[in-house]
Amino acid sequence: MTAAGRLPGARDALWAYLGLAVLWTFAVAQPLFDLLKDNPEFFAARGSSGFDIISWSVLLVALPPAVLLAVELLVGLAGETPRRVAHLVLIAGLVTLIAVQALKKSIDASDAVLIVLSVAIGVGVAALFARAEPVRSFLRVLSPAPLVFLVLFLFTNPISKLAFPDEAHARTIGGVNDAPIVVVLLDELPSNTLIGNHDRLDYERYPGFAELARSATWFRNAYTIYDSTERAQPAIMDGDWPSKGKLPTSADHPNSIFALFGKTHRENVSEEATSVCPSSLCHDERGDESYVSRMKSMTDDLGLVWLHVVSPPKIEDKLTSVSENWGNFGGASETKPDLGSSGAERHTRANLNGGRQSRFEEWIANIRPGGRPSLNFKHALLPHVPWQYLPTGQRYRRQANDPIPGLSNQSFKWTSQLDVLLQRHFLQTGFADLELQHLWKHLKDEGMWDKSLIVVAADHGVAFPHARERRRLTRQNAGEIAPIPLLIKAPGQKKAKIDRSWVSTIDILPTIFDVLNLNPRVHMDGHSAYSDVVKRRETMKIELRGSFKVLDIPTSAFVAERQKIIARNHRLFGVGSDGPGRIYEVGPDQDLLGKTPAGLDPLDVSFTYASDYADVDLKSPFVPSFVVGQVKDGGSPGRSVAVAVNGKIVGVGQTFTLATGEGGQLVAVMVPPGSFKQGRNDVRVYLVR
């Protein structure tokens, strides 16, 4: 090799690598470590093993700097000067990433100013590195930093509990009961959604809930004690109050329903966002993917989160949201051939973004009678956002991410648009009900319906205020987030009962043991729903997210607040006895529904699903009944519009803008799927003067 193309010595290459590793750690690794220490549920929700966490962390710190060094060395084949220039360019780039994060937190400036200042700092530091020995020496002094940050991340709480787990094991309980147990925990479902006339369950709109209720006890006043899944679900699983230090893992919940029934029951468990069931008792399909796939999925998710951290505000607004979905934040698209395909979705890591239907139905198929009774436990991320399902089982969004970023999780000035979000929640609840119907049929086909203990509940509700945050419980929105459905069918129970005791979610597991006449032999904070403690309860106690302070709500005041929400729901969507089409009659100018658009002025709208209208397959898992588009005429938002499909008005609404102002003026109206015909369809929007 010629002198011009000679590579640097091993010592120089090592120092170059360490310098890049230091800057990479400050630019990328340490910000992610900080985020993960504050949100360790990210790993628990994915079912990440200790090996996965450790190896991913080591690779995050060590591998990218090695790749950058390899690039530098390849450039160095052209000569020493190009190599030095390449090294300085890499330093400038990494320092720019560090600077933009610091500036974003410290000054209020436009994206252009932030970018220019960050680049200037990056170039300036690179120039100093080239000319000033003290700068190079300082970077060498920092060379242990990557290892120090890595060790601190892995060997301190809360990550150490996940990286080096001490799992729970099966426990011995007092007594034996051979009844199969079937538990379905829904997510983001307030009981208000299920209420029809006369303060009863809406049997017509939700026949799945109705079928269970006819031979079960409905606890009318059940409520949650926490408002987020990572703590609300484990509280149901072990009957204990959440606490700040606990993660949704088996190590932190050793007395869960899974451990307590581990010696007496076969376990068919599907956790969507927790890892409370010990691996010795439950097979976690999330670990069946290849190691490379698991690392790629984790990197994709956290890569998007890091982009939110490093991007200037306006650019960040255009990124895929990380608040509507968790799990696979990026939202891999679901192509037409794979829609509804359990094979394509069965092992997906994107628990919210895809496969919710197939995973539910696969869990149902695994419920079987046998020599030992079974514990069949399903946490279903339904009707949790992203809203994309219809009560028919079809989807109206091909992928989980909004067709227009922020459409489902922005704050809106226009109540009409908030009503559409609530409408989509109701429709997806209808889909959850459809899955329950499939479950009941399977249990009856297998001869397990009568002899089983069946529990259906939810971890918390969801609110629909003008504010963007719809899942953080406050005293003001407790009427929507606190009430949850709770139905329990005892083995052999034939008649419907209504119990109006104020039962909390931590009372569910003690009630299961009480109904089965078993002694768990462990302390639980909750009490049986049939206990005197619960029957005398006159105050709801709910822990507030983050602070864990207890919010006390008198039950007498809460009833009136809840009834206002139910009255709003009935005003907007009617009840099931009004017919399946009533839920689509939302918005202004409803007298136009069913008429022709004669005399109305057409509105120029660029439809998101325009290509789908050209070839609708009514037998496919997708129907484009969510009419979304961007208004092109430049008029003011807040105008009334009518949506016509094949010459008939089937939906009404208003134009609106997102709180961020991104995307321009928009239209988003749900129309009945029956509005479409096979093949080509004509969809138009008209302005209602």
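Computed over heavy atoms, backbone and side chain alike; hydrogens, waters and symmetry mates excluded.
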Handout entry: D300 and S297: side chain donor to acceptor below 3.5 Å
Key = no
Handout entry: Side-chain H-bond candidate by donor/acceptor type, S137 with E133, under 3.5 Å
Key = yes
Handout entry: Polar side chain donor-acceptor pair, T655 to Q665, under 3.5 angstrom
Key = yes
Handout entry: Any I315 side-chain heavy atom under 4.5 Å of L307 side chain
Key = no
Exercise for the section: Apply the test ring-ring contact (aromatic ring centres under 6.0 Å, His included) to residues F548 and Y226: give CA-CA distance (whole Å), side-chain angles for both, the deciding distance (0.1 Å), then the verdict. Expected result: CA-CA 9 Å; F548 294 90; Y226 207 85; 5.7 Å; yes
Problem - Minimum heavy-atom distance L544-L473, with the two atoms named - result: CD2-O, 3.7 Å
Exercise for the section: Indicate whether the side chain of S279 and that of E167 have a donor and an acceptor atom separated by less than 3.5 Å. Expected result: yes
Exercise for the section: Would you please say whether a donor-acceptor pair under 3.5 Å links the side chains of H379 and Q233? Expected result: yes
Exercise for the section: Determine whether L77 and L74 make a side-chain contact, defined as any pair of heavy atoms from C-beta on separated by less than 4.5 Å. Expected result: yes
Exercise for the section: Give a yes or no on whether the backbone of R294 and the side-chain of W56 come within a donor-acceptor separation of less than 3.5 Å. Expected result: no
Problem - Parallel, tilted or perpendicular: rings of F26 and F149 (30°, 60°) - result: perpendicular
Handout entry: Y396 side chain to R424 side chain, donor-acceptor N/O pair below 3.5 angstrom
Key = yes
